[in-house]
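Reviewing the structure listed below.
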Amino acid sequence: MENFVEELRWRGMLHDIMPDTEQKLNDGMCAGYIGFDPTADSLHVGHLTQIMTLIHFQRAGHKPVALVGGATGMVGDPSGKSDERNLQTEEMVAHNLAGMKKQLSKFLNFAEGGNGAVMVNNGDWFKDFNFLDFIREVGKHITVNYMMAKDSVKKRLEGDNGLSFTEFSYQLIQGYDFYYLWKHHNCILQMGGSDQWGNIVTGTELIRRKDRGTAYALTTQLIKKADGTKFGKTESGAIWLDPAKTSPYRYYQFWLNSSDSDVKAWIRIFTLKGKEELEALEAQHDEAPHLRILQKALAEDITVRTHSVEALETAIKTSEFLFGNGSLEFLNGLSSAEVLDIFDGIPQFKVSKADLAAGIDTPSLLAEKTTVFPSKGEVKKTVQGGGLSINKNKVADLNATFSNENLINDEFLVVQKGKKNYFLIIAE
């Protein structure tokens, strides 16, 4: 058995741990779980710390249990929230569960037997559990005083919006999850982010009071960016693991753009690289920070594990194309949606294929049919200065014409003004 707790410790992931937990885990294979709320049909990078925790747990020889909250997802956890979130329908939850299971299967080995991962849905044991039975079987074991003492409850009670009974009951529901898994799946450990500590120990307390059993708890650090902004968020929103929601290119760029102050912590948390390899990479990075060695190693590793080697290659080629001297040939192998995603946020203009059929001269194309340039005079000035390229070919002749034959994927013209100013012309 590898020492799972020590692995989290040296990686800077460990936050709280219940006494005797490390010793218990070192005695032999144990089952432990982490809960995931099905608030969307995809996980996002905010879930990756817990996914990595389960990966390390399995690699250490233990049995990971991924609990998806088909029941709790319909209630809402008040931890870390200032407002009550919208409740979901059964159909929404079922749809989201299917997407999450597909993604978790890319990170964990769900082979049957041994320490193969297991996925469970708390909706399975709550669907026939009526309210009166619940307050008799669970509620009587946990006092209101105990529940009121939790930070997540106190913060909401002190806030402007208060706390509904629905959310107040959440810790009892999560506590019963732990009890159920402990009793029926021999699951002795619950893990989660540090904001979950109160809910987790409610579960250990319920196990102790209800059946005089022993269970354990462990939490990981909440990931924060050095500049104070929220981890996993960009101007365009969350960074999803689903390539249809966040393209592999954008996903790769998110990690590649990590700051030097963040990347040394993140590469330990989000990759499986060993201590010696990481220390060697850090030394190389410190010698030449401008090469961004750590950022590249992190982005490449996590993009491959989340998506694929092929997705990484496309992401790198896209980056080389946009920020270096890369060829645009690879664009021919992408779908229209993928091309549009690459140029998301870049000015786009539409022209008619009928107009392009006879050919359009450069000034007319860029200053009349589109407004890439404010005037034909500006086009002329840029061409004379050698600063205009179309489809990565420098335009030297002001009278050069462009037609449907020049379209990439029979749809696009890529205009480049200077080194980094891009425009996309879409023919339709």
Side-chain angles (χ1 to χ4, degrees), residues 1-36 45-67 79-80 104 107-109 115 117 151 178 181-182 187-201 203-204 214-226 231-232 255 258-286 294-295 297-298 301-302 305:
M1 299 292 296
E2 295 181 16
N3 190 323
F4 165 67
V5 175
E6 181 55 33
E7 183 77 13
L8 297 188
R9 189 177 284 123
W10 78 257
R11 289 182 180 275
M13 298 174 69
L14 189 65
H15 189 271
D16 285 315
I17 183 168
M18 190 170 282
D20 302 324
T21 300
E22 185 171 5
Q23 179 59 51
K24 180 64 177 178
L25 293 176
N26 289 338
D27 287 343
M29 185 179 78
C30 298
Y33 89 95
I34 292 177
F36 297 90
V45 297
H47 293 107
L48 274 178
T49 305
Q50 300 315 316
I51 293 174
M52 293 304 301
T53 301
L54 287 179
I55 292 173
H56 289 304
F57 193 66
Q58 188 168 48
R59 283 164 59 93
H62 300 294
K63 189 176 187 68
V65 177
L67 181 148
S79 302
L104 287 172
F107 295 95
L108 298 169
N109 178 7
N115 75 326
D151 285 341
F178 198 177
L181 292 175
W182 173 84
C187 191
I188 66 163
L189 172 69
Q190 184 181 172
M191 299 165 281
S194 59
D195 61 336
Q196 290 295 309
W197 182 256
N199 291 337
I200 293 173
V201 297
T204 64
T214 301
Y216 303 88
L218 177 154
T219 60
T220 54
Q221 302 278 358
L222 294 181
I223 308 302
K224 296 180 180 178
K225 296 178 73 172
F231 171 74
W255 298 104
S258 305
S259 68
D260 285 343
S261 52
D262 286 324
V263 73
K264 288 186 177 181
W266 292 3
I267 197 168
R268 288 175 176 245
I269 295 169
F270 298 114
T271 76
L272 298 175
K273 296 180 185 297
K275 197 171 186 178
E276 290 184 4
E277 182 181 2
L278 288 172
E279 289 174 347
L281 285 170
E282 287 171 359
Q284 294 173 37
H285 180 88
D286 289 341
L294 284 180
Q295 283 90 343
L298 169 62
D301 183 282
I302 193 63
R305 284 188 298 111

Legend entry - Contact check, side chains of Asp260 and Gln295, non-hydrogen atoms, under 4.5 Å: yes

Inset, instruction - Starting at CD of Gln221, measure out to CZ of Arg11 and round the result to the nearest 0.5 Å. - result: 15.0 Å

Inset, instruction - Say whether Asp27 and Gln23, considering side chains only, have a donor N or O and an acceptor N or O under 3.5 Å apart. - result: yes

Inset, instruction - Any chance you could measure Arg305, atom CZ, to Ile55, atom CD1, to the nearest 0.5 Å? - result: 5.5 Å

Legend entry - Over 12 foreign heavy atoms within 6.0 Å of NZ, Lys264: yes

Legend entry - Inter-residue atom distance Leu25.CG - Ile188.CD1, 0.5 Å rounding: 6.0 Å

Legend entry - Between OG on residue Ser258 and NZ on residue Lys225, distance to nearest 0.5 Å: 8.0 Å

Legend entry - Gln58 side chain vs Asn109 backbone, donor-acceptor pair below 3.5 Å: yes

Inset, instruction - Report the distance from atom CE of Met18 to atom OG1 of Thr204, rounding to the nearest 0.5 Å. - result: 3.5 Å

Inset, instruction - Flag the pair Gln196 / Gln50 as yes when at least one side-chain heavy-atom distance between them is below 4.5 Å, and no otherwise. - result: no

Inset, instruction - Determine yes or no for a side-chain-to-main-chain donor-acceptor pair under 3.5 angstrom, with Asp16 supplying the side chain and Thr219 the backbone. - result: no

Inset, instruction - To the nearest 0.5 Å, tell me how far Phe270 CZ sits from Trp255 CH2. - result: 4.5 Å

Inset, instruction - Indicate the ring-plane relationship of Phe4 and Phe57, choosing parallel, tilted or perpendicular according to the 30° and 60° boundaries. - result: perpendicular

Inset, instruction - Return yes if some donor-acceptor pair links the side-chain N/O of Arg268 with the main-chain N/O of Leu278 below 3.5 Å, else return no. - result: no

